[in-house]
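Here's the structure we're looking at; comments come further down.
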Protein chains: 2
Amino acid sequence: MKTQYYTAVSLDGYIADPDHSLDWLHQFGGGDESSYPEFIREVGAIAMGSTTYEWVLEHHVYSDPEHPKAWPYEQPTWVFSSRTLPPVPGADIRFANGDVAPVHAEMRAAAAGKNIWIVGGGELAAQFHDRGLLDEIIVTIAPVILSGGAPLFTRRIATPPPRVVEVKPHSSGLTQMRLELPKVGEGGARAAAES
Amino acid sequence: MKTQYYTAVSLDGYIADPDHSLDWLHQFGGGDESSYPEFIREVGAIAMGSTTYEWVLEHHVYSDPEHPKAWPYEQPTWVFSSRTLPPVPGADIRFANGDVAPVHAEMRAAAAGKNIWIVGGGELAAQFHDRGLLDEIIVTIAPVILSGGAPLFTRRIATPPPRVVEVKPHSSGLTQMRLELPKVGEGGARAAAES
């Protein structure tokens, strides 16, 4: 069971452009090389922030308001927000707020051995990292420069660095990179042992 | 003859951290896999902004003020700045200001068929791009997240996207990616033809 932040990112570190658009990403197509089908098969619970949730509502569920589409995920989904947001009929969506740790415990139980996917954004993923609950960051790097938008992550993780487990270039131009995060306290424990 | 922006970058798009440090990069070592020796052999002229120049002075040339080191580049180097900066004795350093296009022509003549290296920062590289003078961005991606610092680039280049020419993961954890930039007007010309 891993908690994974799986997202696409521009070469300069943005997961959405300043207009909340993903056109820069969609131009590369899905493609047979996408790791998504294999990834989602192992996911047992999903977490997302309110901006991501509202993006899915606007661009997917209600993109044609007269003919709403189904919620795209089968897994139970926790939406973190301090605001009251509308649910989606027929979808297993649970609203959460505050400390991510107790919610992570609930998600873990619901996932029953499968992985937990943090969809975004960067601040929610960082909150899981703060509590030592984020195991991996899996980024699909798009060869574009956006020069602004929503940041990949909102904490520094540099020393010790994440460990690169996989780098997989696709013929579309996208490159997937998988990083294992240092365990929280790993650098600290080492520093303490040296002092 | 190509004009290349060759730089290291964090996974979230910063070429230096908020303290102007490169410790996050140097922890990965140089390594036999570095493309730098091969890259620099083909460089005939160098451009950098004032922040980069002052970084080289502080962290290399005058890192031990009583025993100054030699300027690290053999190639003629143009330093772009609106301020008056100190030269380095014995080094071929030329100060420039304003529009990059006429300076690029001078650099091109001096390079005599070899490449032009834009060392940084992101705004200087963007100014060459604005004038249609930047051919490639070659980034060495470090698997770290800095969450702030000096940006890779300060313009949007997304549609059409740069073309990925090479992705080369190193055993150190660094990954080099080479991107050919769309010719300026490529998207515009296409849009005009369609309208």
Side-chain angles (χ1 to χ4, degrees), chain A residues 5 7 9-15 17-19 21-28 122-123 125-126 129 137 139 141-182 187, chain B residues 5 9-15 17-19 21-28 122-123 125-126 129 134 137 139 141-182 187:
Chain A
Y5 177 35
T7 187
V9 66
S10 70
L11 189 66
D12 58 339
Y14 296 100
I15 58 173
D17 78 7
D19 303 323
S21 164
L22 288 179
D23 293 350
W24 53 273
L25 176 63
H26 294 149
Q27 68 181 330
F28 296 98
E123 171 58 24
H129 174 66
I137 296 180
V139 286
I141 302 171
V144 301
I145 295 175
L146 298 177
S147 285
L152 172 64
F153 202 78
T154 54
R155 300 293 183 281
R156 182 183 172 105
I157 311 183
T159 46
R163 196 168 74 86
V164 177
V165 182
E166 189 180 39
V167 178
K168 203 171 169 188
H170 297 172
S171 61
S172 62
L174 299 174
T175 295
Q176 185 168 289
M177 195 178 287
R178 204 163 107 197
L179 307 170
E180 258 177 31
L181 298 195
Chain B
Y5 177 34
V9 67
S10 70
L11 189 66
D12 58 341
Y14 296 101
I15 58 172
D17 78 8
D19 303 324
S21 165
L22 288 178
D23 292 350
W24 53 273
L25 176 63
H26 294 148
Q27 67 182 331
F28 295 99
E123 171 58 25
H129 174 66
L134 188 60
I137 296 180
V139 285
I141 302 171
V144 301
I145 294 174
L146 298 178
S147 285
L152 172 64
F153 202 78
T154 54
R155 300 292 185 280
R156 182 184 171 104
I157 310 182
T159 45
R163 198 169 72 86
V164 177
V165 182
E166 188 180 40
V167 177
K168 203 171 169 189
H170 297 173
S171 61
S172 62
L174 300 172
T175 295
Q176 184 168 289
M177 195 178 285
R178 204 163 107 196
L179 308 170
E180 259 177 30
L181 298 195

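Values below: all heavy atoms of this structure, side chains included; hydrogens, waters and symmetry mates excluded. In what follows, chains carry the letters A, B, and so on, assigned in the order in which the sequence lines appear, proteins first and then strands, with residues in each chain numbered from 1. Everything quoted here is computed from the prediction, not taken from an experiment.
Comparing B:Leu152, B:Asp23, B:Ile157, B:Ile15 by heavy-atom pairs within less than 4.5 Å of chain A, the highest count is held by B:Ile157. Of the listed residues A:Ile137, A:Asp17, A:Val164, A:Ile145, the one with more heavy-atom pairs under 4.5 angstrom with chain B than any other is A:Ile145. Contact count versus chain A (heavy atoms, under 4.5 Å) is highest, among B:Ala126, B:Gly148, B:Gly173, B:Ser147, for B:Ser147.
To the nearest 0.5 Å, the span separating CD on A:Glu180 from CZ on A:Arg163 amounts to 4.5 Å. Taken from NZ in A:Lys168 to CG in A:Leu174, the straight-line distance is 12.5 Å, to the nearest 0.5 Å.
Of the atoms belonging to B:Val139, it is side-chain heavy atoms, and not backbone ones, that fall under 4.5 Å from chain A. Residue contact with chain A, scored on non-hydrogen atoms closer than 4.5 Å, involves the backbone and the side chain of B:Pro161 alike. With a 4.5 Å cut-off on non-hydrogen atoms, B:Ile141 touches chain A through its side chain but not through its backbone. Proximity to chain B (any heavy atom under 4.5 Å) is shown, for A:Pro151, by neither the backbone nor the side chain. For B:Leu11, the parts lying near chain A are the backbone and the side chain together; criterion is any non-hydrogen pair under 4.5 Å. When heavy atoms are compared at a cutoff of 4.5 Å, A:Leu146 approaches chain B by way of both its backbone and its side chain.
Annotation: side chain of A:Trp24 is not in contact with side chain of A:Tyr14 (no heavy-atom distance under 4.5 Å). Looking at heavy atoms from C-beta onward, B:Tyr5 lies out of side-chain contact with B:His129 at the 4.5 angstrom threshold. In this structure, A:Val144 and A:Phe28 have side chains that are in contact, with non-hydrogen atoms separated by less than 4.5 Å.
In this structure, a donor-acceptor pair under 3.5 Å is present between the side chains of A:Asp12 and A:Ser10.
Distance alone, capped at 3.5 Å, places no donor-acceptor pair between the A:Thr175 side chain and the A:Pro169 backbone.
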